[in-house]
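All remarks here apply to the structure that follows.
Order of the sequence lines fixes the chain letters, A, B, ..., with proteins taken first and strands second; residue numbering starts at 1 for each chain.
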Amino acid sequence: MKAAVISFPGSNCDDDLVHAIRDVVGECAVKVPATATTLAGFDLVLVPGGFSYGDYLRSGAIAKFAPVMAALKQFAQAGGYVLGICNGFQILTEVGLLPGALQWNTSLQFICEPEPLVVANADTAFSSRYEAGQTITLPIAHGEGNYYADPATLAEIEANHQVVFRYAHNPNGSLNDIAGLTNVAGNVLGMMPHPERAVEQLIFGTDGLGVFESLVEATKEGVYAEN
Amino acid sequence: MYKAKIFVNYKPSVLDPKAQVIQNTLTRLGDDNVSHVLVGKYFELTLTAACQAAAEKQVARICDEMLANVNTETFKFTVEEMAVAE
Amino acid sequence: MYKAKIFVNYKPSVLDPKAQVIQNTLTRLGDDNVSHVLVGKYFELTLTAACQAAAEKQVARICDEMLANVNTETFKFTVEEMAVAE
Amino acid sequence: MLKTELSSAQIKTEKPYRQWGLTDAEYDRFAEKLGRLPNLTEIGLASGMWSEHCAYKYSKPVLKTFWTKNDRVLMGPGEGAGVIAIGEGKAVVFKAESHNHPSAVEPYQGAATGVGGIIRDIFSIGAKPVAILDSLAFGYPDNAHTKQLIDQVVAGIGDYGNAIGIPTVGGETKFASTYAQNPLVNAMCVGVMDESAIQRGKAAGTGNSLLYVGAKTGRDGINGASFASAEFSTEEEANRSAVQVGDPFMEKLLVDACLEVTRDHQEALVGMQDMGAAGLVSSTVEMADKAGYGMVLDLDLVPQREPNMTPFEIMLSESQERMMLCVKAGREDEVSAVFKQYDLDAVVIGHVTDDGRYRLLQHGETVCDVPVSLLTDDAPVYHQQGVKPQRLAHPAPDFVPVVTDAGATLKTLLADPNVADKTSLYRRYDAQVQTNTIVGPGGDAAVIRVRGTHRALALTTDSNGRYLALDPEIGGAITVAEAARNLVATGAEPIGITDCLNYGDPTKPEQFYSLQESAKGIVAATKALNTPVISGNVSLYNETNGEAIDPTPMIGMVGLIEDLSTITTPRFKAAGDLIYLLGETGSDFNGSLLQQVETSTVAGQLRPLDLKREQDIQRTVLSAIRQHLVSAAHDISDGGLAVALTEMTFHTGIGAQVKVAMPAAQLFSETQSRFLVTIPQDQQAAFETLAGAAATLIGKTGGPQLVALAEDGRIDEPISTLQTVWEESLPCLLK
Ligand SMILES: Nc1ncnc2c1ncn2[C@@H]1O[C@H](COP(=O)(O)OP(=O)(O)O)[C@@H](O)[C@H]1O
Ligand SMILES: [Mg+2]
């Protein structure tokens with residue numbers, strides 16, 4: 001698997017993603033600057049956590065205008081796998097690759113804590129290594145992770161089984177306890193919890209490994225080998 | 001030179017955690033006669049443009065693309081020509 | 001019933017990284033005719049009060065104590081009596 | 001700030017320098033050494049450079065007594081931060097800084113810019129910042145003002161570290177009425193680097209360029225250095241210059257760009273320093289001074305956020321996120337290009353000269369021309385004589401607590417905000433980013449792995465104003481020992497410290513006494529525990545309306561773990577493990593949390609700290625951990641044995657039954673040099689051989705209750721109840 005990790009000014013989980021994929025999972029991962037204009041040749045594109053451009057206006061709002069975004073949209077529309085984590089999730093909703101928006105946590109506070117999650121859908125390229133209904137624990141670290149979509153959109157999301165992870169104890173007010181969801185096609189996932197922070201026993205346990213291993217599996221099958 | 005004054009607010013259907021917290025705090029502190037809180041963002045842009053209409057068009061685009069998230073927010077704005085002295 | 005419309009802005013001498021990033025992005029995207037960006041907060045409060053003066057006094061206090069950080073921000077507001085129908 | 005430029009003669013008569021903290025005698029000294037009357041810019045620069053914050057004029061004689069070197073120390077105090085070798089070619093860089101005054105005035109930005117400032121100290125050495133710790137002290141949260149202050153300080157620290165992507169992995173939060181008007185906001189940053197890449201803040205080589213990098217200069221925090229060196233009077237707060245605002249996004253770019261320069265352009269770089277207190281003047285003057293050179297700066301070239309700034313304002317502004325680099329002549333473009341890539345301003349504003357003079361030009365005119373040494377070496381040093389306060393000369397009799405219901409006393413202590421669960425505060429900090437955090441907030445010390453090695457670092461901050469209030473010397477030693485115990489409990493060998501010395505007005509002999517005496521205790525303890533002081537910071541004048549805080553040295557300590565499999569935490573691991581108490585317990589209630597809680601004050605005499613015994617106990621615990629004999633370890637501090645034992649049960653569902661040969665009250669005694677450890681039964685013999693008489697077997701882990709039988713009373717409480725009391729207290733108090 002060859003993964004691109006987009007590095008925006010202000011991203012701060014880009015190195016952690018590269019470390020997880022390259023040093024732990026043992027696959028290829030490279031950082032791609034926000035000024036890049038093509039993502040050709042990659043099996044997977046990751047949009048990392050952090051505070052792109054400071055997140056001063058709204059989280060993800062300015063990243064939307066980065067030059068790499070056109071390539072990202074093209075990559076996703078062609079069926080390429082895209083995983084946005086935390087700020088990456090916020091960015092994917094801002095650019096419209098995922099429905100809804102992420103608002104301030106109801107406590108209005110940043111929250112960093114281990115969060116138990118229920119795997120709601122194990123039939124996706126991002127979650128095949130888990131079992132439906134399984135509970136895993138991943139760290140969250142965000143101020144704006146409160147998922148919102150209007151009622152019609154939310155109903156659609158549920159009808160399409162787009163929700164992949166739900167909070168077991170909703171920490172931030174997300175509608176339907178949504179912690180992570182895909183687009184309709186199932187090739188783009190956004191999630192607030194950080195799987196890349198949970199891939200080594202010593203650091204936070206290994207509950208996050210499944211996400212990357214699922215992707216290795218999915219990209220091996222050559223679903224998107226031609227890009 | 002034109003000055004644009006822009007208001008970005010949550011759509012009424014969207015629950016705004018910030019407004020909620022302010023409302024609760026006011027109630028707790030005894031300002032319980034305050035019944036409705038709206039929290040929005042306010043921007044001012046100063047810009048040059050060929051005419052009022054051009055300025056308005058540009059501001060609308062900037063709001064739509066950048067200053068507001070149309071999933072959850074609405075915006076409205078005014079554009080005024082600035083006195084030359086300014 | 002009264003409606004207060006409140007604007008909270010950074011004092012001009014205080015660095016506003018928000019405005020700076022918006023300005024830079026606009027310039028980068030070709031909206032380089034925008035020369036000055038101000039980012040502020042806008043609040044609306046609905047409240048009951050014995051009279052206009054009482055409402056104004058309360059709003060001023062709420063601004064001073066809660067809505068604005070007087071170290072870095074200034075505020076201004078208007079209070080209007082609302083039509084009964086509202 | 002100053003509408004009209006005063007002439008040199010007018011300055012002498014109108015004495016505007018007084019408002020910036022310079023005395024008439026200091027003005028005279030400056031004029032005499034200069035050989036003429038200084039102009040407004042020159043005397044303004046002196047007010048910044050001769051402030052306590054920059055010149056350490058009162059604290060220097062005390063700081064000189066610190067023990068700063070052993071064979072591990074690569075760089076001691078004097079630079080942005082100190083450096084200690086940790087093996088495998090790597091070094092750890094750390095420093096702590098106080099932002100007490102700015103945080104009292106504007107809590108959110110004060111705390112945020114405190115974090116931003118200390119981070120710059122770390123990467124200016126060439127190290128990648130890998131962890132932040134915060135040491136906070138507030139008044140009791142029984143009023144809206146304090147609650148708001150706590151909320152904003154925590155938000156400021158969190159928002160900065162979270163955005164920049166450096167984990168805040170630990171710290172401490174203390175509550176006592178002495179901090180009600182003078183909160184303490186100290187932050188520590190830790191970095192890791194290759195031993196070979198240490199960078200110094202110097203400007204050497206005639207003709208080399210001075211490169212200004214980062215944010216533009218505005219009228220923020222002008223003369224903050226002398227502001228930090230002045231005490232508060234409540235009315236004065238209004239007329240401050242603009243508050244400094246932190247921009248963590250800009251700083252993230254600065255960190256990455258500066259590290260890229262130190263990594264890829266070492267040849268072009270002569271020196272690098274952050275602009276901290278007294279901004280542009282202190283960074284450039286210090287860089288010239290360290291190298292023995294002079295410099296000339298053209299102020300028209302300084303990037304400015306506001307029009308019409310005077311030289312005084314430009315030079316003393318404390319705008320954040322700025323760095324000063326000295327770059328070899330001819331290689332400016334190469335270095336600037338790196339910054340341009342990150343969208344950062346990088347401008348040559350002057351160059352190094354060989355005449356030892358500090359010259360500033362504005363609009364083509366010379367606005368300052370003084371010897372560099374006049375601003376540095378010639379600053380006054382005051383050899384103050386401390387006088388023992390009356391209060392200490394006649395200590396109150398020993399406090400004898402009455403404990404009739406030990407379970408109730410335990411619950412009272414668990415609910416005290418000093419002991420209570422701090423999760424609601426530190427969960428607002430990203431403790432995991434960079435994915436090196438092995439033990440985050442909540443343990444005795446944080447533990448982070450060092451990438452590229454097989455090692456880990458343990459990190460802690462500790463302070464204890466209660467003990468210092470009773471005896472600054474013993475209290476100073478205890479603070480160091482307690483920090484070391486926290487590291488040892490994780491399995492780390494303490495290797496060095498940084499400090500923030502938070503005290504009152506040093507011109508008052510009784511306040512100076514505390515500083516002087518506590519330094520004695522700190523020196524003795526650092527020598528005994530082999531933890532040299534490699535960096536630090538003083539914050540004096542923590543007084544409001546004449547009332548000083550309890551002397552509160554904050555010790556930030558770093559420890560080394562060479563075998564990751566030995567990392568130990570305080571929580572019980574299994575039922576059936578044996579519980580040992582190491583050290584002896586006496587009736588040490590003076591200065592204890594129990595005394596504070598029961599009498600709302602502290603009084604009495606502290607027992608001296610036996611440093612030899614401290615050393616022995618710490619060695620024993622560390623050896624046992626390194627031999628894999630220990631399943632959990634915890635030092636005994638606030639609230640004594642009962643509180644420590646309870647803390648070991650949290651989140652484990654495993655209770656304990658212990659029996660101790662002491663009166664029930666002593667369950668809460670704060671006798672120093674003690675630990676609790678649990679030992680799996682199959683290691684009992686090995687552990688007892690190792691520990692000998694130092695360890696007493698007091699019971700076993702297991703069951704749903706915490707049962708502690710003492711000679712004349714007992715604790716018998718469900719651990720779930722105790723945990724609830726501990727968990728719910730602080731969120732409830734802060735509501
Ligand atoms: N302000 C804070 N920031 C980060 N961590 C904190 C803070 N306050 C307390 N903690 C964490 O809570 C735990 C308990 O703190 P404390 O009671 O001071 O420990 P100790 O008594 O062992 O020194 C520690 O792990 C500490 O890191
Ligand atoms: Mg401890």
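Taking non-hydrogen atoms and a 4.5 Å limit, the residue list of residues 35-44 of chain B in contact with chain C, ordered by number, reads B:Ser35, B:His36, B:Val37, B:Leu38, B:Val39, B:Gly40, B:Lys41, B:Tyr42, B:Phe43, B:Glu44. Listed in order of number, the residues of residues 15-22 of chain B that approach chain C to under 4.5 Å between heavy atoms are B:Ile22.
Under the rule for a side chain to side chain contact (heavy atoms under 4.5 Å, CB included), the partners of B:Ala54 that lie at least two apart in sequence or sit in another chain are B:Ala49, B:Cys51. In this structure, the side chain to side chain contact (heavy atoms under 4.5 Å, CB included) partners of C:Arg28, at least two apart in sequence or on a different chain, are A:Tyr53, A:Ile62, A:Pro67, C:Thr25.
Proximity to chain C (any heavy atom under 4.5 Å) is restricted, for B:Leu67, to the side chain, taken from C-beta onward. Looking at B:Asn9, the atoms closer than 4.5 Å to chain C (heavy atoms on both sides) all sit in the side chain, from C-beta outward.
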Inset, instruction - Begin with the C-alpha distance, continue with both residues' side-chain angles, and end with the deciding distance and a verdict on side chain to side chain contact (heavy atoms under 4.5 Å, CB included) for B:Met66 and C:Leu29. - result: CA-CA 11 Å; B:Met66 184 187 307; C:Leu29 295 178; 4.0 Å; yes
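Atoms OG1 and CG, on C:Thr46 and B:Asn33 in that order, are 11.0 Å from each other to the nearest 0.5 Å. One distance of note links CG of B:Leu45 with CG of C:Asp31; it measures 9.0 Å at 0.5 Å rounding.
With a 6.0 Å radius and a threshold of 12 heavy atoms from other residues, nucleotides or ligands, C:Lys57 has its NZ atom at or below the threshold.
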